[in-house]
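Just so it is clear: chains get the letters A, B, ... in the order the sequence lines come, proteins before strands, and each one is counted from 1.
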Protein chains: 2
Amino acid sequence: MVTMADAQILVVDDEPDILSVLVYHLSREGYRVTTAVNGQGALTTADAERPDLIILDLMLPGMDGYEVLQRLKRADRTNSIPVILLTARREEEERVKGFEVGADDYITKPFSARELTLRVEALLRRAKAEPVSVSRRIAVGPVELDREAHRAFSEGAEVDLTPLEYRLLEVLLERRGRVQSRRQLLQAVWDTNAAIETRTVDMHVARLRTKLGGAAPLIETVRGIGYRFRALDK
Amino acid sequence: MVTMADAQILVVDDEPDILSVLVYHLSREGYRVTTAVNGQGALTTADAERPDLIILDLMLPGMDGYEVLQRLKRADRTNSIPVILLTARREEEERVKGFEVGADDYITKPFSARELTLRVEALLRRAKAEPVSVSRRIAVGPVELDREAHRAFSEGAEVDLTPLEYRLLEVLLERRGRVQSRRQLLQAVWDTNAAIETRTVDMHVARLRTKLGGAAPLIETVRGIGYRFRALDK
DNA sequence: GGAACCTGTGACAAACTCGTGACGCTTCCT
DNA sequence: AGGAAGCGTCACGAGTTTGTCACAGGTTCC
């Protein structure tokens with residue numbers, strides 16, 4: 001079993017038993033491990049230590065695990081730290097909610113050491129393979145974004161976008177090829193806990209579509225799920 | 001609380017009091033319970049009865065609990081029976097040692113009935129759904145699923161699926177090679193206790209078959225039982 | 001102060017999804 | 001062979017989801 005060299009992992013759990021088991025397994029694999037026992041500590045530590053990966057128990061005293069996750073993901077939009085959720089609940093609902101808020105993977109209790117290390121490795125590998133280049137220019141198919149000038153182009157011609165539209169397009173481009181639920185988009189574009197109807201997203205997607213023009217719909221609808229920008233490059 | 005249908009559990013403990021408490025609770029939950037009072041008996045019974053789960057007290061006369069565990073795990077390495085350790089000792093050292101030898105979970109005495117059944121259920125559930133590979137991409141034969149993009153392919157070509165069809169395919173692929181009863185599929189795809197006719201499953205399987213195309217039926221009918229996705233990979 | 005613009009929301013139609021009854025075919029049993 | 005049970009498929013309507021319009025506050029910029 002290959003360990004990712006020298007990665008640092010933050011483990012957040014309030015149950016001493018589970019915490020120690022996690023620490024034990026991860027340490028044995030050669031990872032540097034930091035711990036936190038509540039949401040507040042998790043956020044502080046994540047900010048201070050910038051770990052390479054966070055393992056987060058959903059059930060925490062005080063701050064809800066989801067909220068911790070949300071704040072983690074919101075803190076640094078461009079390059080957030082991958083998070084593995086730890087949950088006793090298997091229900092689809094939980095899983096969906098977790099992914100929607102931005103989890104990268106999850107593990108159900110009880111878990112085996114093998115399962116744990118496999119997922120940790122997979123995520124670290126992925127994070128490493130995706131050096132987050134916050135490039136000044138991003139182009140997908142006929143659409144182009146100049147982030148420095150804050151301008152958008154479609155088939156060479158400049159498109160006049162409102163701030164919100166620009167931001168929505170930016171998010172969709174960054175995550176091209178991947179479905180984004182309405183809730184995910186709300187979180188990414190509207191930042192806040194936005195007390196906004198998810199239907200509003202539809203509206204802005206429609207406006208974007210119109211402004212971008214083109215025959216083929218660049219922003220695809222994934223019925224029942226959300227939207228996805230066509231991945232034509234590469 | 002849902003009990004895993006008809007699972008058999010082997011309880012190993014030399015203290016009559018604890019043994020009877022365990023048997024009482026487990027039986028009440030609907031499990032078939034077998035017992036053993038020492039290491040040798042545990043190994044023999046485990047081999048003969050192939051229970052779905054073993055609850056093992058660490059302190060046994062004669063053979064040490066760890067040794068029993070080690071032998072159990074060595075016996076059938078590929079698909080060993082999950083083991084819950086029972087220990088009076090709270091020390092980290094014990095716990096660590098247990099996991100190292102291959103325990104799947106553990107319970108510290110004294111324990112509540114609730115704690116017991118929760119862990120038992122969780123482990124049985126996990127064993128049942130074992131290949132929980134939450135990989136981004138899953139491919140079986142000519143069929144491929146890109147979960148990040150939420151797209152399905154058959155023989156390279158994208159297949160347009162409804163949300164329900166997508167989910168059904170996902171479940172079938174995850175459990176490829178294993179027959180899934182209509183009720184199992186309903187539970188997995190339609191979430192909870194949906195009040196839906198089991199015949200509806202047939203309908204969606206048929207739709208899926210049509211959309212996936214191909215000469216050989218990828219989704220096989222197991223008469224009187226349910227359906228199974230052909231396991232062609234590996 | 002006014003005009004132009006941005007943005008969230010309700011409303012409604014269109015498109016799509018999905019459960020169900022019906023019916024005929026196949027398989028199994030006696 | 002006859003009958004029963006299991007299964008595949010069709011068609012349809014109720015329900016849900018999405019695209020779009022219109023509009024009202026709010027904001028920005030002259």
Side-chain angles (χ1 to χ4, degrees), chain A residues 96 100 150-152 158-172 179-229, chain B residues 150-152 158-172 179-229:
Chain A
V96 165
E100 217 161 41
H150 211 267
R151 303 211 285 181
E158 177 160 9
V159 180
D160 190 34
L161 297 180
T162 70
L164 200 146
E165 284 161 0
Y166 179 89
R167 199 139 157 49
L168 175 58
L169 178 58
E170 189 178 17
V171 168
L172 285 171
V179 197
Q180 297 298 116
S181 70
R182 290 174 176 74
R183 203 165 300 286
Q184 276 177 305
L185 289 174
L186 272 181
Q187 202 183 310
V189 176
W190 279 256
D191 271 335
T192 52
N193 268 347
I196 289 178
E197 297 293 318
T198 53
R199 281 309 312 278
T200 298
V201 175
D202 298 16
M203 190 65 246
H204 290 284
V205 166
R207 283 170 179 159
L208 249 187
R209 277 177 174 156
T210 309
K211 286 196 179 181
L212 291 179
L218 293 165
I219 303 172
E220 300 169 316
T221 303
V222 182
R223 196 160 231 277
I225 308 287
Y227 297 96
R228 172 183 61 204
F229 200 98
Chain B
H150 209 270
R151 292 166 160 224
E158 176 160 11
V159 180
D160 190 34
L161 299 180
T162 70
L164 199 145
E165 285 160 0
Y166 179 92
R167 191 139 167 55
L168 175 59
L169 178 59
E170 190 178 18
V171 169
L172 286 171
V179 190
Q180 295 298 114
S181 72
R182 289 175 176 72
R183 199 154 295 287
Q184 276 177 305
L185 289 174
L186 274 179
Q187 205 163 339
V189 176
W190 280 255
D191 278 332
T192 46
N193 29 19
I196 288 177
E197 296 292 319
T198 53
R199 280 309 310 279
T200 298
V201 176
D202 299 15
M203 187 66 246
H204 289 284
V205 167
R207 284 174 179 157
L208 208 45
R209 276 175 174 155
T210 309
K211 287 195 178 179
L212 291 180
L218 293 165
I219 302 171
E220 300 170 317
T221 303
V222 181
R223 200 184 159 78
I225 310 289
Y227 298 95
R228 171 180 56 200
F229 200 98

Handout entry: Of Val222(A) and Met203(B), the one whose closest DNA chain D nucleotide lies more 5'
Key = Met203(B)
Practice task
Tell me whether the OP1 or OP2 atom of dG6(D) has a side-chain N or O from Tyr227(B) closer than 4.0 Å.
Solution key: no
Problem - pair His204(B)-Trp190(B): side-chain heavy atoms closer than 4.5 Å - result: yes
Handout entry: Beyond-backbone contact of Tyr166(B) with His150(B), side-chain heavy atoms, under 4.5 angstrom
Key = yes
Handout entry: Side-chain donor/acceptor of Arg167(B) to backbone N/O of Ala188(B), under 3.5 Å
Key = yes
Handout entry: Proximity to the side chain of Pro163(B) - top-ranked nucleotide from dT17(C), dG8(D), dT20(D)
Key = dT17(C)
Handout entry: Degree of bending in the helix from dG1(C)-dC30(D) to dT30(C)-dA1(D) once both end axes are built from five pairs, to 10°
Key = 30°
Practice task
Give Arg207(A) one of three labels, base, sugar-phosphate or nothing, depending on what nucleic acid heavy atoms sit under 4.0 Å from its own.
Solution key: base
Problem - Side chain of Trp190(A) (C-beta onward), nearest among dG8(C), dT20(D), dT17(D) - result: dG8(C)
Practice task
Indicate the atoms forming the closest heavy-atom contact of Leu172(A) with Phe229(A), along with that distance.
Solution key: O-CB, 3.6 Å
Practice task
For the pair Arg209(B) and Glu165(B), find out whether any cationic side-chain nitrogen is under 4.0 Å from an anionic carboxylate oxygen.
Solution key: no
Practice task
Report the distance from atom CZ of Arg183(A) to atom P of dT17(D), rounded to the nearest whole Å.
Solution key: 13 Å
Exercise for the section: Check every atom of dG19(D), dC7(D), dT17(C) against the side chain of Arg223(A) and return the nucleotide holding the closest atom. Expected result: dT17(C)
Practice task
Describe the nucleic acid contact of Arg209(A) in one word from base, sugar-phosphate, nothing, applying a heavy-atom distance below 4.0 Å.
Solution key: sugar-phosphate
Practice task
Scan Asp202(A), Val205(A), Ile225(A) and name whichever one has a side chain to side chain contact (heavy atoms under 4.5 Å, CB included) with Arg182(A).
Solution key: Asp202(A)
Practice task
Looking at every strand, decide which applies to Tyr166(B) at a 4.0 Å heavy-atom threshold: base, sugar-phosphate, or nothing.
Solution key: nothing
Handout entry: Interatomic distance where NE2 belongs to His204(B) and P belongs to dC10(D) [whole Å]
Key = 15 Å
Practice task
Please determine, for the side chain of Leu164(A), which listed nucleotide (dT7(C), dC18(C), dT18(D)) has the closest atom?
Solution key: dT7(C)
Fill in the blank from the handout: Whole-Å distance, Arg199(A) CZ to dA11(C) C1', equals 10 Å
Fill in the blank from the handout: Side-chain atoms of Thr200(A) come closest, of dC18(C), dA11(D), dG8(C), to dG8(C)
Problem - Gap between atoms CG and C1', on Asp160(B) and dA15(C) respectively (whole Å) - result: 13 Å
Handout entry: Distance below 4.0 Å between Arg182(B) side-chain N/O and dC7(D) OP1 or OP2
Key = yes
Fill in the blank from the handout: Between CD1 of Ile219(B) and P of dG8(D) the distance, given in whole Å, is 10 Å
Exercise for the section: State, with a plain yes or no, whether a side-chain heavy atom of Tyr227(A) is found less than 4.5 Å away from one of Thr221(A). Expected result: yes
Practice task
Mind calculating the distance between CG (Leu208(A)) and P (dG8(C)) to the nearest angstrom?
Solution key: 13 Å
Exercise for the section: Answer yes or no: does a side-chain N or O of Thr221(A) lie under 4.0 Å from OP1 or OP2 of dG19(D)? Expected result: yes
Fill in the blank from the handout: Between CG of Asp202(A) and C1' of dA11(C) the distance, given in whole Å, is 14 Å
Exercise for the section: Check whether any side-chain N or O of Lys211(B) sits under 3.5 Å from a backbone N or O of Asp160(B) as a donor-acceptor pair, and report yes or no. Expected result: yes
Handout entry: Nucleotide dT18(D), atom P - distance to CZ of Arg228(A) in whole Å
Key = 13 Å
